[in-house]
J.: 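I'd like to ask some things about the structure below.
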2 protein chains.
Amino acid sequence: MTTPPRGLRERKKQATREALREAALRLAVERGPDQVRVEDIAEAAGVSPRTYNNYFASREQAIVSAVTADREARIAAAVAARPAGVRLADAVTEAVVEQYTNTGEREHKALLLITTRTALRDAFLDTAAGIEPPLTAVIAERLDDAEAHTARVLAASVAAAVRIALEGWLRPAGKAEAAESLAAGGLVVPSGSLPDRLRTALAPLAPAFDAAEQHTQP
Amino acid sequence: MTTPPRGLRERKKQATREALREAALRLAVERGPDQVRVEDIAEAAGVSPRTYNNYFASREQAIVSAVTADREARIAAAVAARPAGVRLADAVTEAVVEQYTNTGEREHKALLLITTRTALRDAFLDTAAGIEPPLTAVIAERLDDAEAHTARVLAASVAAAVRIALEGWLRPAGKAEAAESLAAGGLVVPSGSLPDRLRTALAPLAPAFDAAEQHTQP
DNA sequence: GCGTAAATTTGCGCGTACGCATTTTTCTTG
DNA sequence: CAAGAAAAATGCGTACGCGCAAATTTACGC
C-alpha cells in the first residue's frame, strides 16, 4: 500500500472525529446552538462525553470544524499544485481564495448559524490559525531550507491576514461599527465579497514574499 | 486635572484589575501555579469570585497579565516616539525589541514559573496578539488613511512574528524538539537570545513595510 | 444635598473542561 | 494465534466560565 498499514487505528479516530463534527453541526442547526449539550453530541456519535473532549476542547470547536474540515491541508496542497514558475505570493493568494470560495450550500447555512453567536464566531476565526503549519511546510519547500524561520513567519502572517478578512466579512453591521468607523475618522469599505476581502488583506504581504524569493534565487 | 474627571470609576476598576494581577502572581509564586484557586485570588484582592471573572476570562490570564501589564501600549508609544524619518520597519522592530528586553528581576522569575505549565505558556503567547490594536493605530498614522487595511494586516503580522519568537524562546529543550528538528531535515538555531529571535522573526516583514511606505510618499 | 439613571458587583445555577486511574480495544512479537 | 505492550475510551471528581437577575455603588442634573 502507499499508506503504511498504520491504518485501522487512525481510520477509526478520523471516523469518530467526523461523526462528532457532523452530529454537532446537525444538532446545532436543528435546535439552535444553545440547545445542544455535549452529552447530546457524544450520544449522537456513539461515544462517551469524556471521549468527546479528547477530540474537541470546546463545544464550539466541534460545530465549527464541521465547516472548516480539512481546509488547511487543501490550501497547502493547492499551493504545492501551482507551477514553480509563478510568484509565490500569487500562488498563496490564489490558493487561499480558491479554498475559501468553494463553499457549498450546507456551509453557507452553517456560516449563517455561526454569525449568530459570538462564541461560535470566535471559534471560527481561530481556525484560520490552523493553516499555519501546512503553509509553513509548503512555503519552506519553495525557499531555501536555511530560511525556515522566514517560511514560518510568512505563513503566520497569511493566517493573520485571513483572520482579518474573515472577521470583517462576517461582522454584523451593527451600531458599534458605525461609531467605530467615525471615531477612526476615515471612510471604510462597507462590506465587499469574501474573495475581495481576502485579496485585499493578503496584498500587503506580497512584497515580503517577493523578497524572500529573491534571496533564494539571485 | 489633566485627565478628564471621568475618573473615580475608571480608577477603581484599574485598581481592582491590578490587585487581582498582583494577587494572582504572588500566590502562584508562593505555592505553585496548581495550588491557586480563583477563590483564593479573589479573596486576596477583596472581591467576589464572580467579579474576578468579570476581569479575567481564565486563571492563567490573570497570572500572565501581571507580567505583560501594559506592554502593548508601551510598544505603540515607543513607535510613535521615533522620529518620522526612520524606516517604519526599523521603528517597529526596535520598539518591540526594546519593550520586550526591559525585563526586571521580578518578571524573570515569573517567566520561569510560566514555562513550567503549558496552560500558562499558551496564555502568555496569546498576549502577543494584544499588540495588534495599538500597533494598527500607530502604523496607520504613518501611512495614508486610505490604507487602513494595510496597517491592520502589518500589525497583525508583527504580532504573529512576535508570538513565534516568544514560542521558540521559552520552549523547553525537551525530547520532542530533537525529534522534530531531525524530521524537518534541517539544522535549526538551538536557542539564541530573545532580542535576536525577535529581530530574526521580524526581518522577513520589512519589505512589506517598505512597500507600504513607498505607496504613501511616491 | 437629593433623586434618578447608569455602571459595577455579587450570588446562584448550569454545563463545561480536564486530570487521573481504570477498563477496553488495537497493534506487535514470537 | 496467543500474550503482552501500546493506545484509546470511559467514569469520576473538581474547579472553572459565564449568563442571568437582584443588589450595591457611582455619576450627573437640578
Side-chain angles (χ1 to χ4, degrees), chain A residues 1 3-21 23-24 27-28 31-65 116-123 126 175-176, chain B residues 1 3-20 23-24 27-28 31-65 116-123 126 175-176 179:
Chain A
M1 317 297 180
T3 50
R6 273 253 181 249
L8 203 154
R9 257 237 251 279
E10 222 54 37
R11 281 174 176 281
K12 239 191 168 180
K13 274 183 67 169
Q14 287 314 92
T16 19
R17 168 167 265 111
E18 184 157 341
L20 287 171
R21 276 206 270 247
L27 291 177
R31 5 174 147 160
D34 298 332
Q35 309 305 320
V36 183
R37 295 191 306 269
V38 180
E39 189 184 344
D40 305 328
I41 302 175
E43 191 192 15
V47 295
S48 80
R50 183 62 183 83
T51 296
Y52 169 90
N53 274 316
N54 286 344
Y55 285 86
F56 298 100
S58 79
R59 198 180 70 258
E60 289 76 22
Q61 271 188 24
I63 300 177
V64 159
S65 89
T116 63
R117 297 294 183 281
T118 311
L120 284 177
R121 208 183 73 103
D122 292 346
D126 285 343
K175 54 186 176 179
Chain B
M1 317 299 177
T3 51
R6 267 265 178 236
L8 202 154
R9 232 183 206 146
E10 223 50 42
R11 280 174 177 281
K12 241 190 167 180
K13 274 183 67 169
Q14 286 314 92
T16 20
R17 166 166 266 110
E18 184 158 341
L20 286 171
L27 291 177
R31 3 173 148 162
D34 298 332
Q35 309 306 320
V36 183
R37 294 190 306 267
V38 277
E39 190 184 344
D40 305 327
I41 303 175
E43 191 191 17
V47 295
S48 79
R50 184 61 184 84
T51 297
Y52 168 90
N53 274 316
N54 286 345
Y55 285 85
F56 298 100
S58 78
R59 198 179 70 256
E60 289 77 22
Q61 270 187 26
I63 300 177
V64 160
S65 91
T116 63
R117 296 293 184 279
T118 311
L120 284 177
R121 209 184 72 104
D122 291 345
D126 284 343
K175 53 186 176 177

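Residue numbers begin at 1 in each chain, while the letters A, B, ... track the order of the sequences. All values derive from a computational prediction rather than experimental measurement.
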J.: Would B:Y52 and B:E39 count as a side-chain contact (heavy atoms from CB on, under 4.5 Å) here? Give the steps.
T.: CA-CA 9 Å; B:Y52 168 90; B:E39 190 184 344; over 6 Å; no
J.: A:Q14 has an atom CD; how far is it from atom P of D:dA9, in whole Å?
T.: 11 Å
J.: Please test B:R17 against B:Q14 for side-chain contact (heavy atoms from CB on, under 4.5 Å), starting from the C-alpha separation and ending with a verdict.
T.: CA-CA 5 Å; B:R17 166 166 266 110; B:Q14 286 314 92; 3.7 Å; yes
J.: C:dT9 P sits how many Å from B:K12 NZ, rounded?
T.: 8 Å
J.: C:dG11 C1' sits how many Å from B:E39 CD, rounded?
T.: 13 Å
J.: Report the C-alpha separation of B:D40 and B:R31 in whole Å, then their side-chain angles, then the decisive distance to 0.1 Å, and conclude whether the side-chain contact (heavy atoms from CB on, under 4.5 Å) test is met.
T.: CA-CA 11 Å; B:D40 305 327; B:R31 3 173 148 162; 3.2 Å; yes
J.: So, is A:K13 close to the D:dA8 phosphate, meaning a side-chain N or O under 4.0 Å from OP1 or OP2?
T.: yes
J.: Nearest whole Å is fine: how far is D:dG19 C1' from A:Q35 CD?
T.: 13 Å
J.: For the pair made of CZ in B:R9 and P in D:dT24, what is the distance, rounded to whole Å?
T.: 16 Å
J.: Ignoring the backbone of B:Y55, work out which of D:dA9, C:dT8, D:dC16 is nearest its side chain.
T.: C:dT8
J.: Report the nucleotide, chosen from C:dA17, D:dT10, C:dC18, that has the shortest atom-to-atom distance to any side-chain atom of A:A57.
T.: C:dC18
J.: Using a heavy-atom cut-off of under 4.0 Å over every strand shown, decide if A:F56 touches base, sugar-phosphate, or nothing.
T.: nothing
J.: A:R50 near the nucleic acid: base, sugar-phosphate alone, or nothing, with a heavy-atom cut-off under 4.0 Å?
T.: base
J.: Side-chain N or O of A:S48 less than 4.0 angstrom from OP1 or OP2 on D:dA9?
T.: no
J.: Please report the distance, rounded to the nearest Å, between CZ in B:R59 and P in C:dA17.
T.: 16 Å
J.: Supply the atom-to-atom distance B:S65 OG to B:E60 CD, rounded to the nearest 0.5 angstrom.
T.: 12.0 Å
J.: Could you check if a side-chain atom of B:D34 sits within less than 4.5 angstrom of a side-chain atom of B:R117, using non-hydrogen atoms only?
T.: yes
J.: Could you tell me how far apart A:N53 (CG) and D:dT14 (P) are, to the nearest whole angstrom?
T.: 18 Å
J.: In whole Å, what is the span from the CZ atom of A:R17 to the P atom of D:dA7?
T.: 17 Å
J.: Which nucleotide in the list D:dA9, C:dT10, D:dG17 gets nearest to the side chain of B:S58?
T.: D:dG17
